[in-house]
Amino acid sequence: AKKLQSPSSQMQFIDVRENNEVSFSNLGSEFVHLPLSEIQSWIQEIDKNLNPNKETFVLCHHGVRSQKVAEILAQKGFSQVYNISGGIDAYSCEVDPSIKRY
């Protein structure tokens, strides 16, 4: 979670939480919002919207859904995919307590 404090142009971020979760608590515009529940509508076009060669960090609430998406992205050819272990909840606890917890 701490790596998110200083993102670089060689990184890209995906938030796989649902719309209501993102509305309640989010980390800003650097994250592309692609809900896991809608994966069938966006996964086929993923390499057109994101660079498979960049470091890709995937976030959810606690890390379970993002792990699933990280594994799928790796199967799709994304070479540097990382699950943000602990999700936005860990980020709020460890890095920025101003991020709302739920």
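These figures come from a predicted structure and were not determined experimentally.
Sorted by first and then second residue, the salt bridge (Lys or Arg N to Asp or Glu O under 4.0 Å) pairs involving residues 64-88 (not counting sequence neighbours) are E21-R65. Judged as a salt bridge (Lys or Arg N to Asp or Glu O under 4.0 Å), not a single pair has a partner in residues 31-42 (not counting sequence neighbours).
Judged by distance alone, with hydrogens and angles left aside, the side-chain atoms of Q80 form a donor-acceptor pair with the main-chain N or O of N53 at under 3.5 Å. Although no hydrogens or angles enter the test, the distance criterion places no donor-acceptor pair under 3.5 Å between the side chain of Q10 and the main chain of E55.
Evaluation of the side chain to side chain donor-acceptor pair (under 3.5 Å) rule for S98 yields D96 as partners, not counting sequence neighbours. The side chain to side chain donor-acceptor pair (under 3.5 Å) test applied to N83 returns S66, Q67, not counting sequence neighbours. Applying the side-chain contact (heavy atoms from CB on, under 4.5 Å) test to D47 and every residue at least two apart in sequence or in another chain returns P52. Residues that satisfy the side-chain contact (heavy atoms from CB on, under 4.5 Å) test with E45, not counting sequence neighbours, are K48, N49. For K100, the side-chain contact (heavy atoms from CB on, under 4.5 Å) partners two or more places apart in sequence, or in a different chain, are F24, S25. Scanning for side chain to side chain donor-acceptor pair (under 3.5 Å) contacts around S37 gives E18, with sequence neighbours left out.
The CZ atom of F57 sits 4.5 Å away from the CE atom of M11 when rounded to the nearest 0.5 Å. The CG atom of L27 lies 7.5 Å from the CG atom of D15; values are rounded to the nearest 0.5 Å.
Shortest non-hydrogen contact noted between I88 and R17 is CD1-NH2, 3.7 Å.
In the hydrophobic cluster analysis, where Ile, Leu, Val, Met, Phe, Trp and Tyr join through side-chain heavy atoms closer than 4.5 angstrom, Y102 is grouped together with V95. Hydrophobic clustering keeps Y91 apart from V22 (ILVMFWY residues linked when any side-chain heavy atoms are closer than 4.5 Å, directly or through intermediates).
Residues L59 and F31 form a side-chain contact, since some pair of their non-hydrogen atoms from C-beta on lies under 4.5 Å apart.
Clustering of Ile, Leu, Val, Met, Phe, Trp and Tyr side chains at separations under 4.5 Å places I46 together with I14, V16, V32, L34, L36, I39, W42, I43, L50, V58, V69, I72, L73, F78, V81.
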